Amino acid sequence: MILEELKLTNFRNYGSAAIRWSPGVNMIRGDNAQGKTNLLEAIAFLSTFVSFRKSAAAELIKKDRDFFLIRSAFTAASSPRTLNVAYSAETRYKIRLDGEEKRRAAPLVGILNTVVFSPDDLMLMKGRPDDRRRFLDGEIVQTAPSSQVIFHRYQKALRQRNAVLKGGFSRAAAELLNAYDLQLAENGAMILIRRKEILERLQPLVRLAHRRITGGSEELRLTYEGGLESFFEKKHPFESWRDGFLERLKAARETDFQRGFTSFGPHRDDIRFFINDDDIRRFGSQGQQRTASLALKIGELELMKGQRGEYPILLLDDVLSELDESRREALISVINGKVQTFVTDTGSEKIFQDAVEYRVKSGEIRPL
Ligand SMILES: Nc1ncnc2c1ncn2[C@@H]1O[C@H](COP(=O)(O)OP(=O)(O)OP(=O)(O)O)[C@@H](O)[C@H]1O
Ligand SMILES: [Mg+2]
């Protein structure tokens, strides 16, 4: 997948910008706070319709303006395509794909495929479980956009169930919970099936990448840490998880009423990373964490390549300076002429031989 052209209007600190990109490595240089990450954020936004910095869409509108517009021309599966996204508080999202107005963003997630690698990812292993869940669920949604609805339904049922729990116990509340428990269990079972699936596909790719970076001296393993594993039956994954989850929800009801929230389910699960059977979260050095997160990103690239038949666009925000020589080389050997890459850098070091360079200053960008 190749992003050919990007035009920004009122996006973050960009008033108006238009850039044609190289299909290889695009090196975006500039001092701090000039707009480098903002550019990557705009590209990633075309892919997921949310900010990878977790900002609300309204925060992406340039100060004192009332809308932003991102326009793009890209090549996917050898066909030229265009994708434009506008947002304003009043009209919300306006999206045009190949010139045609689209009513909903959800089915368009992953039309433009991106993988972001930022300093936050370097902390994924030791960070919070919700970041790890978001990582996994993000993979699911980008490879199968239609699964988004399952997550929405689950979150909705969870909010409703929690609201009932907060209201305290009554017969009416118990009746309501029966309905929400079922919705939670059905959608939860589907989430678990998809998480298991994606982890099984990701696992060998990540291990391979990790073996390459470490020269085979270390073995990385990912495991899913959920409370419903014991219910899983290979022959009937959906039914076994749904019924197991229902059983646990009923059993936890009293405690949940006391606590005022749903204490159990896929929204509390986690992923763990092991190196040679040691949990990285507890025993991993900073270097091991970095290697593991790099392997994870390379695995992600390969996963999407396998799924879509072509590599996604890779966005590297401020991570190169965090990687030592051997890790950089591992990354470069994957990118090498195959993956269109956008790299931000505050320095002037020449890391990629054939990179096309750009300079960003106060929300303006020009080729060097
Ligand atoms: N909605 C907005 N309107 C105008 N300016 C904004 C908006 N949001 C962020 N900015 C500005 O964008 C700048 C930050 O841009 P960005 O995060 O892209 O910097 P950067 O070049 O990546 O810097 P660093 O090297 O520190 O990461 C800040 O000056 C900030 O004030
Ligand atoms: Mg930045």
Side-chain angles (χ1 to χ4, degrees), residues 3 5-22 25-72 84-94 105 112 114-124 127 131 135 290 293-294 297 313-323 327-328 331 335 340-352 355-368:
L3 179 66
E5 194 176 18
L6 183 74
K7 289 181 179 164
L8 301 179
T9 309
N10 300 341
F11 186 87
R12 293 280 199 191
N13 64 340
Y14 290 87
S16 115
I19 322 108
R20 288 203 68 84
W21 302 107
S22 155
V25 176
N26 295 278
M27 189 65 145
I28 299 157
R29 300 195 189 275
D31 294 335
N32 293 127
Q34 300 304 308
K36 300 185 299 298
T37 303
N38 293 348
L39 258 179
L40 301 196
E41 192 178 31
I43 297 171
F45 197 90
L46 289 167
S47 172
T48 57
F49 307 101
V50 293
S51 154
F52 75 76
R53 292 197 271 197
K54 302 176 194 162
S55 302
E59 292 168 50
L60 309 179
I61 302 173
K62 192 173 198 298
K63 282 193 193 88
D64 304 324
R65 307 290 164 89
D66 49 19
F67 73 97
F68 73 70
L69 172 61
I70 310 171
R71 283 173 289 176
S72 69
N84 301 346
V85 187
Y87 179 88
S88 77
E90 203 181 317
T91 63
R92 309 276 298 164
Y93 293 92
K94 280 206 163 153
L112 189 95
T114 59
V115 166
V116 181
F117 191 16
S118 76
D120 280 353
D121 295 300
L122 296 172
M123 301 191 295
L124 188 74
D131 285 328
F135 162 76
R290 270 158 211 234
S293 60
L294 176 60
K297 286 292 142 177
I313 295 164
L314 177 63
L315 307 171
L316 299 176
D317 192 25
D318 283 337
V319 285
L320 281 182
S321 53
E322 306 279 336
L323 301 177
R327 295 192 189 101
R328 270 188 203 177
L331 185 59
I335 294 172
Q340 187 187 32
T341 306
F342 295 81
V343 194
T344 64
D345 193 15
T346 46
S348 57
E349 200 185 347
K350 225 176 162 59
I351 300 162
F352 296 93
V356 173
E357 311 227 334
Y358 302 82
R359 179 156 295 277
V360 167
K361 205 173 171 208
S362 321
E364 286 182 15
I365 175 163
R366 58 180 176 81
L368 275 182

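Note that the structure is a prediction, hence the values are computed from the model and not measured. Atoms within each ligand, like the ligands themselves, are counted from 1 in listed order. Values below: every heavy atom of this structure, side chains too, minus hydrogens, waters and symmetry copies.
- For E364, the CD atom sits in a loose shell: 12 or fewer heavy atoms of surrounding residues, nucleotides or ligands are nearer than 6.0 Å.
- At least one heavy atom of T346 sits closer than 4.0 Å to an atom of ligand 1.
- Of all atoms in ligand 1, listed by their number and element, those nearer than 4.0 Å to a heavy atom of R53 are 17 (O).
- Checking atom 30 (C) of ligand 1 against the protein gives no heavy-atom contact under 4.0 Å.
- Proximity to E59 (heavy-atom distance under 4.0 Å) selects the following atoms of ligand 1: 1 (N).
- Contacts with ligand 1 closer than 4.0 Å are made by heavy atoms of both the backbone and the side chain of T37.
- Those atoms of ligand 1 that come under 4.0 Å of a heavy atom in D318, given as number and element, are 27 (O).
- Considering each of N13, L60, N10, the one bringing a non-hydrogen atom nearest atom 6 (C) of ligand 1 is N13.
- A donor-acceptor contact closer than 3.5 angstrom links the side chains of T344 and D317.
- Counting atoms of ligand 1 from 1 in the listed order, those under 4.0 Å from a heavy atom of Q34 are 19 (O), 20 (P), 21 (O).
- Contact annotation: N38 places no N, O or S atom under 2.8 Å from the Mg ion (ligand 2).
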Steps toward side-chain hydrogen bond (donor to acceptor under 3.5 Å, both in side chains) verdict (R92, Y87): CA-CA 5 Å; R92 309 276 298 164; Y87 179 88; 3.1 Å; yes
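- When each of I19, L8, L6 is tested with I365 by the rule side chain to side chain contact (heavy atoms under 4.5 Å, CB included), just one qualifies, namely I19.
- Close approach of ligand 1 to D31 (heavy-atom distance below 4.0 Å) involves ligand atoms 21 (O).
- The two residues N26 and Q340 make their nearest non-hydrogen contact at ND2-NE2, 3.9 Å.
- Taking a 4.0 Å cut-off on heavy atoms, G30 fails to register as neighbouring ligand 1.
- Atoms of ligand 1 found under 4.0 Å from any heavy atom of I61 (numbered from 1 in listed order, with element): 1 (N), 2 (C), 3 (N).
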